[in-house]
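Remarks on the structure that follows.
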Amino acid sequence: MGMNTSANSRTANQGDGNSPVPVAVTTSVELVIFDMAGTTVVDDGLVTQAFDAAATAIGVPAEGEERERARQYVLDTMGQSKIAVFRALFGADGAAETANAEFERAYGDLIAGGVEPVAGAAETFSDLRTRGIATAFTTGFSPATQQRILRSLGWTDAVDHVLAPTAGLRGRPFPDLVLAAALTAQVDDLANVIVVGDTSSDIETARRARAGLSVGVLTGAHDEATLRAAGADHVLSSVADLSTLLFTT
């Protein structure tokens, strides 16, 4: 399965946030894995708002160094498993679990207020499907929150596979989600997998999994310099530019 992009060689760090340069990939693309919030779903600060509710729930002062330090850590680790982030911040004495539960509740309320797709995302999924390329969503949210987002957008069948961290599946920056998606899609070679995300954690996950290509987008948490420093092969303005990057010669 997949489509050969018919280019001569792979060259890292081509393109920029404004004008994608067709990527040179010698292998067939079998699977494209997309992050959700900030990559295919408009985030608009919802994660930070939900985090503030979680921090308040466990007694972190609303103002001051402790709150600012925790908020900055959340921003720095965008894309990672939320429960893992809370455990790193608040330890293992139940505070992390309490914070995570409040985060999930608060984010769920914000979803109910409406979430929107990144412009062109649905068209990108459709284009890949037309080309016979499998697609997957991965996230740092829990499976329940992931499903709420998908239902809100009407995206329950937008892609072929949907994965989130579970007890036996570590979240980013571990390679588990990418590897599990590749196994589920029955990919022949990880070199034929492309990972797309808006954070350095997305890029690190792709690299740890030995994915063929990691693509950063500028619609979410991290800027181009951060994505490139993490090792992104390409950085695009939006996921809407992906087909141009891959298939325009």
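The first residue of the sequence shown is numbered 1, and numbering continues consecutively from there. None of the values given here were measured: they were computed from a predicted structure.
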Do Val162 and Gln146 make a side-chain contact, defined as non-hydrogen atoms from C-beta onward lying under 4.5 Å apart?
yes
Does the His222 side chain pair with the main chain of Ser200, one donor and one acceptor, at a distance under 3.5 Å?
yes
Check the side chains of Asn192 and Ser28 for a donor-acceptor pair under 3.5 angstrom, ignoring hydrogens and angles.
no
Scanning both residues in full, the closest heavy-atom pair of Ala158 with Arg129 reads O-NH2, 3.5 Å
Could you walk me through whether Ile58 and Phe86 pass side-chain contact (heavy atoms from CB on, under 4.5 Å), step by step?
CA-CA 11 Å; Ile58 62 168; Phe86 288 128; over 6 Å; no
Give the C-alpha distance, both sets of side-chain angles, the deciding distance and a yes or no for side-chain contact (heavy atoms from CB on, under 4.5 Å) between Ile33 and Leu31.
CA-CA 6 Å; Ile33 300 172; Leu31 171 66; 3.8 Å; yes
Joint hydrophobic cluster, Val41 plus Leu177, side-chain heavy atoms closer than 4.5 Å
no
If you compare all heavy atoms of Gly216 against all heavy atoms of Ala232, which two are closest, and at what distance to 0.1 Å?
N-CB, 4.3 Å
With clusters defined by side-chain heavy atoms of hydrophobic residues (ILVMFWY) lying less than 4.5 Å apart, directly or transitively, does Phe34 cluster with Phe174?
no
One should read off an interatomic distance between Thr39 OG1 and Asp198 CG, to the nearest 0.5 angstrom, of 3.5 Å
Pro61 and Glu66, any side-chain heavy atoms less than 4.5 Å apart
yes
Flag yes if Val187 and Val178 sit in one hydrophobic cluster, no otherwise; membership is Ile, Leu, Val, Met, Phe, Trp, Tyr, and two members link when side-chain heavy atoms are under 4.5 Å apart.
yes
With sequence neighbours excluded, what pairs up with Arg71 under the salt bridge (charged side-chain N to carboxylate O under 4.0 Å, His left out) test?
Asp52, Glu68
Check the surroundings of atom CZ in Arg207: do more than 12 heavy atoms from other residues, nucleotides or ligands lie under 6.0 Å from it?
no
Tell me every residue that passes side chain to side chain contact (heavy atoms under 4.5 Å, CB included) with Gln49, counting only those two or more places apart in sequence or in another chain.
Leu46, Leu110
Where Leu169 and Ala180 come nearest, the two heavy atoms and their spacing:
CD1-CB, 3.8 Å
Distance flag, aromatic centroids of Phe125 and Phe137, threshold under 6.0 Å
yes
Under 3.5 Å side-chain donor-acceptor pair for Thr199 and Asp202
yes
Would you kindly confirm whether Met36 and Val32 end up in one hydrophobic cluster when ILVMFWY residues are joined by side chain heavy atoms under 4.5 Å apart?
yes
Derivation of the side-chain contact (heavy atoms from CB on, under 4.5 Å) call for Gln186 and Glu30
CA-CA 9 Å; Gln186 298 185 323; Glu30 294 186 78; over 6 Å; no
Heavy atoms, side chains only, cut-off 4.5 Å: are Thr138 and Arg172 in contact?
yes
Got a second to check how far Thr226's OG1 is from Ile203's CD1, nearest 0.5 Å?
11.0 Å
Residues two or more places apart in sequence or in another chain: which of them pass salt bridge (charged side-chain N to carboxylate O under 4.0 Å, His left out) with Arg170?
Asp176
Do any N or O atoms from the side chain of Asp160 and from the backbone of Ala136 form a donor-acceptor pair under 3.5 angstrom?
no
For the pair Leu150 and Gln147, evaluate side-chain contact (heavy atoms from CB on, under 4.5 Å) and give the outcome as yes or no after the intermediate values.
CA-CA 5 Å; Leu150 294 177; Gln147 288 299 320; 4.1 Å; yes
After noting the C-alpha distance and the side-chain angles of Arg67 and Glu63, does the key distance pass the salt bridge (charged side-chain N to carboxylate O under 4.0 Å, His left out) rule?
CA-CA 6 Å; Arg67 176 65 68 107; Glu63 304 291 340; over 6 Å; no
Ser214 side-chain N/O to Ala206 backbone N/O, donor-acceptor pair under 3.5 Å
no
With rounding to the nearest 0.5 Å, note down the distance linking CG in Leu163 to OG1 in Thr184.
5.5 Å
Flag side-chain contact, heavy atom, 4.5 Å: Leu245 against Leu236:
yes
Where do Gly171 and Pro165 come nearest, in terms of heavy atoms and distance?
CA-CG, 3.8 Å
Nearest heavy-atom neighbours spanning Phe141 and Ala164
O-CB, 3.5 Å
Does a side chain donor of either Arg131 or Ser243 reach within less than 3.5 Å of an acceptor in the other side chain?
no
Is a donor on one side and an acceptor on the other found under 3.5 Å between the side chain of Asp35 and the backbone of Thr139?
no
I'd like to check Phe90 versus Val60 (side-chain heavy atoms, cut-off strictly below 4.5 Å). Are they in contact?
yes
Examine Val118 and Ile111 and state if one hydrophobic cluster contains both, with Ile, Leu, Val, Met, Phe, Trp and Tyr joined whenever side-chain heavy atoms are less than 4.5 Å apart.
yes
When you measure from the side chain of Ser152 to the backbone N and O of Arg148, does any donor-acceptor pair fall under 3.5 Å?
no
Do the charged groups of Arg228 and Glu224 touch, with an N to O distance under 4.0 Å?
yes
Are the side chains of Val235 and Val217 in contact, using a 4.5 Å heavy-atom criterion?
no
Using the salt bridge (charged side-chain N to carboxylate O under 4.0 Å, His left out) criterion, which residues pair with Asp223? Sequence neighbours excluded.
none
Do Leu242 and Val196 have side chains that approach each other closer than 4.5 Å (heavy atoms only, starting at C-beta)?
yes
Taking side chain to side chain contact (heavy atoms under 4.5 Å, CB included) as the definition, give me every residue that meets it alongside Leu179, ordered by chain and number, with sequence neighbours left out.
Pro175, Leu190, Ala209
Minimum side-chain heavy-atom gap Phe51-Tyr73 below 4.5 Å
no
Of all pairs that satisfy side-chain hydrogen bond (donor to acceptor under 3.5 Å, both in side chains), the ones with a partner from residues 106-116, not counting sequence neighbours:
Arg105-Asp109
dist Asn100:CG -> Leu89:CG (nearest 0.5 Å) comes out at 11.5 Å
Rounded to the nearest 0.5 Å, how far apart are CG of Leu213 and CG of Asp233?
4.5 Å
I need the His234 NE2 to Ile194 CD1 distance, nearest 0.5 Å.
9.0 Å
Heavy-atom pair of closest approach, residues Ala57 and Glu102
CB-CG, 3.6 Å
